[in-house]
Participant: 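I am attaching a structure below and will ask some questions about it afterwards.
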Amino acid sequence: MSPSKTPQTMKPATAAKKLGIYLPAAPAELQEEPMTRETLNELLQSPPEWLVVLRLNGPHPRDVVARKLGVSISGLARAGVTDALTTAEIKELLEAPPEWLVTERRTQALVREENHRINDVRAGKRAGAESDDPEDRRRDASAE
């Protein structure tokens, strides 16, 4: 007989990150106790009311704030935004964007364009490398 396995647990910060919530705004039991993977899966499958409200209204963690604002986490830091923001605060920023937000969104758009360009170049190289296959060259030569 093998000994019974102990359930895998995670720190509260890890559980909050996987749930997409700001840990200090979560209920005390989530902040204080390690969570099992089974409990996490249950919360993800059928979220309780507190989790639904927290995800909807916030406060949101920085990665969620950055995504909703269309900027990077580094952009938030450059702008001095270190606190969690609520959905209402994010909406206010989007409705009347301050200069830092306009600049950071522009920067983020340029970064995305450059990443797409690099991915296209890499895809082209991969396609070119595949056509460098000697078998392909023989087939192409016999077709001419």
Side-chain angles (χ1 to χ4, degrees), residues 2 5-27 29-144:
S2 64
K5 294 183 180 180
T6 58
Q8 182 182 9
T9 60
M10 61 191 82
K11 294 178 182 177
T14 304
K17 186 171 181 124
K18 290 183 181 285
L19 290 169
I21 60 172
Y22 183 58
L23 183 59
E29 62 269 7
L30 185 85
Q31 294 181 37
E32 298 164 358
E33 297 294 321
M35 182 179 290
T36 64
R37 182 156 304 277
E38 183 178 299
T39 304
L40 175 71
N41 289 337
E42 288 173 14
L43 288 173
L44 290 171
Q45 292 293 326
S46 56
E49 184 67 26
W50 67 264
L51 182 55
V52 172
V53 170
L54 191 56
R55 284 178 169 169
L56 186 64
N57 299 325
H60 302 287
R62 286 187 335 156
D63 61 329
V64 174
V65 172
R67 188 178 66 247
K68 287 180 180 241
L69 289 174
V71 300
S72 66
I73 295 173
S74 299
L76 288 177
R78 282 190 294 273
V81 179
T82 57
D83 296 332
L85 298 178
T86 64
T87 301
E89 292 168 327
I90 293 169
K91 187 176 179 183
E92 286 175 23
L93 285 172
L94 290 172
E95 288 174 353
E99 184 59 35
W100 69 263
L101 182 56
V102 173
T103 302
E104 290 300 333
R105 291 183 87 174
R106 188 177 317 118
T107 301
Q108 186 70 7
L110 292 172
V111 168
R112 284 189 188 120
E113 285 177 23
E114 180 64 9
N115 286 340
H116 285 302
R117 186 191 68 76
I118 291 170
N119 287 339
D120 290 345
V121 168
R122 287 181 181 159
K125 285 183 180 179
R126 278 194 300 271
E130 291 171 1
S131 67
D132 287 343
D133 183 29
E135 190 66 32
D136 289 342
R137 276 191 249 137
R138 272 185 249 142
R139 227 177 291 130
D140 291 344
S142 66
E144 291 176 350

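Side-chain atoms are counted along with the backbone in the values below, which use heavy atoms only and exclude waters and symmetry mates. None of these values were measured; they are calculated from a predicted model. Residues take their numbers from the sequence shown, with the count starting at 1.
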Participant: For a 4.5 angstrom cut-off between non-hydrogen side-chain atoms, does Ile21 reach Trp50?
Facilitator: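 Touching, per the 4.5 Å side-chain cut-off.
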Participant: Distance check, rounded to the nearest 0.5 Å: Lys17 atom NZ versus Leu23 atom CG?
Facilitator: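 Spacing of NZ (Lys17) from CG (Leu23) equals 12.5 Å.
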Participant: Between CE of Met10 and NZ of Lys18, what distance do you get to the nearest 0.5 Å?
Facilitator: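 Interatomic distance, Met10 CE to Lys18 NZ, rounded to 0.5 Å: 5.5 Å.
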Participant: I'd like to check the side-chain contact (heavy atoms from CB on, under 4.5 Å) partners of Leu44; sequence neighbours left out, ordered by chain and number.
Facilitator: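 Scan of Leu44 (side-chain contact (heavy atoms from CB on, under 4.5 Å), adjacent residues dropped) gives Leu19, Leu40, Asn41, Arg55.
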Participant: Which heavy atom of Val71 sits nearest to which heavy atom of Glu104, and what is that distance?
Facilitator: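 Smallest heavy-atom distance, with atoms named: CG1-CB, 3.6 Å.
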Participant: How long is the span from the CZ atom in Arg37 to the OG1 atom in Thr39, to the nearest 0.5 Å?
Facilitator: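 That separation rounds to 11.0 Å.
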Participant: Is there side-chain contact between Asp120 and Arg117, with at least one heavy-atom pair below 4.5 Å?
Facilitator: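 Sidechains of Arg117 and Asp120: no contact.
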Participant: In Å, rounded to the nearest 0.5 Å, how long is the span from CG of Asp83 to CG of Leu76?
Facilitator: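 If we round to the nearest 0.5 Å, Asp83:CG and Leu76:CG are 11.0 Å apart.
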Participant: To the nearest 0.5 Å, what is the distance between CD on Glu113 and CD on Gln108?
Facilitator: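 So the gap between those two atoms works out to 11.0 Å.
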Participant: Hey, does Glu114 have a side-chain heavy atom less than 4.5 Å from the side chain of Leu110?
Facilitator: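 Contact flag for Leu110/Glu114 side chains = no.
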Participant: Could you tell me whether the side chain of Leu30 reaches within less than 4.5 Å of the side chain of Pro12, counting heavy atoms only?
Facilitator: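 Of all side-chain heavy-atom pairs linking Leu30 with Pro12, none is under 4.5 Å.
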Participant: So, the side chain of Gln31 versus the backbone of Ala26: is there a donor-acceptor pair under 3.5 Å, distance only?
Facilitator: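 Yes.
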Participant: Around atom CD of Glu42, are there more than 12 heavy atoms from other residues, nucleotides or ligands closer than 6.0 Å?
Facilitator: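 Counting neighbours around CD of Glu42, more than 12 heavy atoms of other residues, nucleotides or ligands fall under 6.0 Å, so yes.
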Participant: Are the side chains of Leu85 and Lys68 in contact, using a 4.5 Å heavy-atom criterion?
Facilitator: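 Of all side-chain heavy-atom pairs linking Leu85 with Lys68, none is under 4.5 Å.
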Participant: For the residue pair Asn57 and Thr86, establish whether any side-chain heavy-atom pair is separated by less than 4.5 Å.
Facilitator: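 A side-chain contact is absent here, since even the closest heavy-atom pair is not under 4.5 Å.
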Participant: Rounded to the nearest 0.5 Å, what's the gap from CZ on Arg112 to OG1 on Thr107? Could you check?
Facilitator: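 Rounded to the nearest 0.5 Å, the CZ-OG1 separation comes out at 11.0 Å.
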Participant: Between Tyr22 and Pro61, which heavy-atom pair has the shortest distance, and what is it?
Facilitator: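 Heavy atoms of Tyr22 and Pro61 come nearest at N-CD, 3.6 Å.
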Participant: Any sub-3.5 Å donor-acceptor pair from Thr87's side-chain atoms to Leu56's backbone N or O?
Facilitator: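 Such a contact is found between Thr87 side chain and Leu56 backbone.
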Participant: Taking the side chain as C-beta and beyond, is there a heavy-atom pair between Ser72 and Arg78 under 4.5 Å?
Facilitator: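 Of all side-chain heavy-atom pairs linking Arg78 with Ser72, at least one is under 4.5 Å.
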